[in-house]
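These numbers were taken from a predicted model, which means no experiment stands behind them.
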Amino acid sequence: MMKRLMPTFNRILVQKVIQPAKTESGILLPEKSSKLNSGRVVAVGPGSRDKDGKLIPVSVKEGDTVLLPEYGGTQVKLGENEYHLFRDEDVLGTLHED
């Protein structure tokens, strides 16, 4: 049976992107150069509510690649996969391909 986690409120579920340790041509990269802390958004909550009860939607959507803080988030393991839960405001930005 497949488990699926749906975040609540303004939380997002992220699967961290593992950066390659070497290039396609076989050049080994130093550990620090591949340390960009990013992940792919797997699921998003509905958002939070303001003091008047109006829904404030989450700023990212499923499939977005986001830049994450070095520390924070809650680690979640579902089956063999490892995910992290972050609040929407913890995300530093989104990454776009040129």
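Considering every non-hydrogen atom in both D90 and P69, the closest pair reads O-CD, 3.4 Å. Across all non-hydrogen atoms, the minimal contact from Q15 to E82 is CG-O, 3.9 Å.
Separating the CZ atom in R40 from the NZ atom in K16 is a distance of 14.5 Å, to the nearest 0.5 Å. Rounding to the nearest 0.5 Å places NZ of K77 at 11.0 Å from NE2 of H84. Considering CG of L68 and CZ of F86, their distance stands at 4.5 Å, rounded to 0.5 Å.
Of the candidates L85, V41, I12, L85 is the only one forming a side-chain contact (heavy atoms from CB on, under 4.5 Å) with P7.
Both V91 and V44 are assigned to one and the same hydrophobic cluster, defined by single-linkage of ILVMFWY side chains at heavy-atom distances under 4.5 Å. Residues V14 and V60 share a hydrophobic cluster, clusters being chains of Ile/Leu/Val/Met/Phe/Trp/Tyr side chains in contact below 4.5 Å.
Put simply, the side chain of N10 never gets that close to the backbone of V58: no donor and acceptor are under 3.5 Å apart.
Residue pairs meeting the side-chain hydrogen bond (donor to acceptor under 3.5 Å, both in side chains) criterion with at least one member in residues 47-59, sequence neighbours excluded, are S59-D88.
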Step by step, would you call L5 with Y83 a side chain to side chain contact (heavy atoms under 4.5 Å, CB included)? CA-CA 10 Å; L5 176 67; Y83 301 95; over 6 Å; no
